[in-house]
Amino acid sequence: MKVGTTAFPGPLIGGFLLLQGFAITLVAMGHPTLVMTMVGAVLVLVLATASSDVGPAMIALVPLTQPFLLGSRGDALALYPEYVVIPAVFVWIAFSSIRSGRVAFRRSGLVLPGLVFLVVAAASLAGAALDRGMASTSAGLATLYVHLLALLFFVTLIEWLRPERSLYRVFVWMFSASVVVSLLGLVEYMIADAPTGRLVRIGSTLGVVFSSENRGNPNALAAYVTIMSLMALSMMGSVRARVRVWLASGILLHILALLLTRSRSGLVALLVGVLWLVLRGRRQMLWWLLPAAVVGITVAAQIPRMFERYASILAVVSSQDLIRFFLTIDPKSIDWKYLGYFGAGGFDIDALAGANRFAAWVLGIRTFLEHPFLGIGLQMNLAYTGFSTSENYFLDIAVMTGILGLLPVVWWGARVWRTMRLAGRLEMGKDERAFIHGFEAVMIAVAIIGLTGSILFSLKIMLTLLTLVAMLWYVVHRRMPWRA
C-alpha cells in the first residue's frame with residue numbers, strides 16, 4: 001500500500017473530525033471562537049481529503065486543533081487530538097519506510113540528541129518523583145510526553161518527505177493554516193468581554209499543556225505568527241504574483257495578531273528577523289511589509305494601552321528601583337490580580353510583569369547551581385522557586401534537566417547551525433535560497449523569544465519549527481528541489 005494515498009488519511013481525518021466534534025461539544029458554549037475553529041478545521045480537513053496526502057494534512061491541522069480539558073478548571077490537563085494521532089501516523093509511516101527499505105531519519109543527525117534529552121529528562125523526573133511524590137510530577141510527565149511527540153513527528157516528517165514531494169506545497173499549507181489561526185485570534189479580540197481597564201491579549205488556538213481555562217497562550221501565538229511572517233517575507237521574491245498577494249495579506253493579519261498578543265519579545269524578534277532578511281538581500285519584501293506595518297500601527301493606535309505596553313520595555317530596562325524590587329521580593333507573595341488593576345510604586349502591570357523576569361532569572365540560576373547535573377525535573381519550578389518557569393527557555397532546560405539535559409539541546413542546535421552553514425556554500429535556486437534565508441531569520445527570532453520566556457515548550461511551536469528543520473535538511477542534504 002502506497003504511503004500518501006487515501007487509505008490512511010481517511011481514518012486520520014475522520015479521527016480528527018470526531019475528536020474535534022467532541023471537544024467543541026464540551027467547551028464551545030461559552031467560546032464562540034472555538035466554533036469558528038471547528039469550521040476552519042473542517043474546511044482544511046476536506047481539502048486534506050481531496051489532496052490525498054497525509055503530510056500536508058498533519059502540518060496544516062496541528063495549529064488548528066482544540067483540546068479536551070481534563071481535571072479541575074484551575075489546573076486542567078488539555079488533551080489535544082495530536083497527542084493520539086501523531087503516534088498513530090508515526091507507526092504507519094515508519095512501518096512503510098522500513099518495508100520499502102528507505103529509512104532516512106538515521107542520517108539526519110538530529111534524532112539522537114532528541115533521544116538523549118528524553119532519557120535525561122525522564123531520569124530527572126524520576127528523581128523528582130522520589131523526592132516529592134509521583135503526584136507532583138503530573139505536569140512534568142505531560143511535558144515529557146509532548147517532547148516525545150515532537151520527536152515522533154520529526155521522524156515521521158523526515159520519512160514522509162521524498163524527492164517527489166513539493167516543499168513549496170508544504171509551505172503553502174503551513175502558511176494557510178497560520179492565516180486561519182490569526183483570523184481566529186482577531187475574532188477572539190472582537191468578542192472578548194473583559195472588565196474595564198483589563199488588558200485583552202489574544203491567544204487563538206495556541207494552547208499549552210496545562211491551562212486555567214480553554215484559551216490560547218498569547219506568547220505562543222506571538223511566536224507562531226512571527227515564525228510564519230518571517231518565512232513568508234523571505235519567500236516574497238520567489239513566488240508567483242497571485243501567491244505574493246496571498247502572502248502579503250496573511251502577513252498583514254499576522255502583524256495585527258502579533259500586536260494584539262501584546263508580546264514584547266515577539267515584536268522585537270520580528271523586527272530583528274526583518275533586519276536580518278534585509279542584510280541577506282531580501283529587500284524586495286519591504287515593498288509589501290511597509291504597507292502592512294502602516295495598517296498595523298494605525299489599527300494599534302485605536303486599541304487602548306497598546307503603545308504603553310510596548311513603551312514599558314524602556315521602563316523595565318532603565319529603572320533600577322523596579323528591578324531591585326523584584327530581586328528582593330518573595331514571588332509567592334505577589335498578588336498579580338491586584339497589580340493588574342492598581343500597579344505598584346508608580347509602575348503599571350506592563351512594566352511590573354517585564355521586570356518580574358529578572359527575579360525569575362536570578363532564582364532560576366540559583367536553583368540550577370543547587371541541582372547542576374540532573375536538575376529538579378520537568379515543570380517542577382514552582383515547587384522550588386515560586387515561579388512556574390524561569391522566563392528563559394535555555395535556563396529552564398538547565399534548571400529542569402541540569403547540564404546533562406542542556407548538552408543534547410546544544411548538540412541539536414549545533415547540528416542545525418552546521419546545516420545552515422553548509423547551505424551557504426551550496427549552489428541553489430532562488431526558491432531554496434529564499435527558504436534558507438527565511439529559516440535563518442526564524443532561528444534568530446526563536447533565540448530572542450527563548451531568552452525572555454519558555455513558550456518553546458509548546459507542542460504546536462515545536463512542531464512548526466521541526467517542520468522547517470526537516471525541510472531544511474532535505475534541501476541541503478538530499479538536494480530536494482523546492483518544487484517537485
Side-chain angles (χ1 to χ4, degrees), residues 3-5 9 43-44 47-64 93 104 108 153-154 156-182 224-225 227-251 253-254 273 277 280-282 284-285 288-289 416 419-420 422-424 426-443 463-484:
V3 178
T5 65
L43 291 176
V44 175
L47 291 174
T49 304
S51 75
S52 303
D53 217 334
V54 65
M58 286 287 293
I59 293 165
L61 284 171
V62 165
L64 298 173
I93 295 293
S108 72
F153 179 86
F154 179 73
T156 300
L157 199 56
I158 286 287
E159 294 303 320
W160 174 80
L161 285 172
R162 298 294 179 193
E164 66 271 15
R165 310 288 188 191
S166 170
L167 293 177
Y168 171 77
R169 186 160 173 259
V170 172
F171 170 74
V172 170
W173 275 86
M174 288 182 68
F175 189 76
S176 299
S178 72
V179 171
V180 176
V181 170
S182 285
Y224 178 67
V225 298
I227 291 168
M228 298 311 303
S229 296
L230 290 173
M231 290 302 307
L233 284 168
S234 185
M235 298 301 300
M236 276 290 190
S238 62
V239 296
R240 297 187 299 271
R242 62 180 181 180
V243 178
R244 198 174 299 136
V245 172
W246 165 240
L247 294 181
S249 302
I251 290 169
L253 292 175
H254 287 343
L277 290 177
R280 296 292 274 165
R282 318 303 303 181
Q284 70 277 5
M285 70 179 182
W288 297 90
L289 177 62
V416 174
T419 303
M420 287 194 299
L422 179 60
L426 296 176
E427 291 292 332
M428 293 184 177
K430 66 175 184 178
D431 293 327
E432 291 89 344
R433 187 61 61 193
F435 173 78
I436 296 298
H437 290 166
F439 185 86
E440 292 170 351
V442 165
M443 289 297 101
L463 297 187
T464 301
L465 287 174
L466 290 174
T467 300
L468 296 177
V469 171
M471 294 165 72
L472 170 76
W473 188 81
Y474 259 91
V475 165
V476 174
H477 291 283
R478 284 313 216 26
R479 304 299 292 133
M480 183 175 175
W482 185 253
R483 300 172 194 269

Q: Mind listing the closest non-hydrogen atom pair of Arg244 and Met236 along with its distance?
A: NE-O, 2.7 Å
Q | Ser234 versus Gly438, closest heavy-atom pair with distance | A | OG-N, 3.1 Å
Q: Working to the nearest 0.5 Å, report the span between CG of Leu468 and CZ of Phe435.
A: 5.5 Å
Q: First locate atom CE of Met235, then atom OH of Tyr168, and finally report the distance between them rounded to the nearest 0.5 Å.
A: 8.0 Å
**Q.** Euclidean distance, Phe171 CZ relative to Ser176 OG, rounded to 0.5 Å
**A.** 9.0 Å
Q: To the nearest 0.5 angstrom, please state how far the CG atom of Leu466 sits from the CZ atom of Phe153.
A: 7.5 Å
Q) Where do Gly273 and Leu230 come nearest, in terms of heavy atoms and distance? A) C-CD2, 3.6 Å
Q) Below 4.5 Å, heavy atoms only, C-beta onward: do Met228 and Thr464 meet side chain to side chain? A) yes
Q) Rounded to the nearest 0.5 Å, how far apart are NE2 of His437 and CD of Glu432? A) 12.0 Å
**Q.** Sole residue of Ile158, Val170, Leu157, Val469 in side-chain contact (heavy atoms from CB on, under 4.5 Å) with Tyr474
**A.** Ile158
Q. Applying the side-chain contact (heavy atoms from CB on, under 4.5 Å) test to Met420, which of Ile436, Val476, Leu472 qualifies?
A. Leu472
Q. Under 3.5 Å, side chain of Arg280 to main-chain N/O of Ala434, donor-acceptor pair present?
A. no
Q: Report the distance from atom CZ of Phe154 to atom OG1 of Thr467, rounding to the nearest 0.5 Å.
A: 9.5 Å
Q.
So Met471 and Met174, do their side chains get closer than 4.5 Å, heavy atoms only?
A. yes
Q) What pair of heavy atoms forms the shortest contact from His254 to Val179, and how long is it? A) CE1-N, 3.8 Å
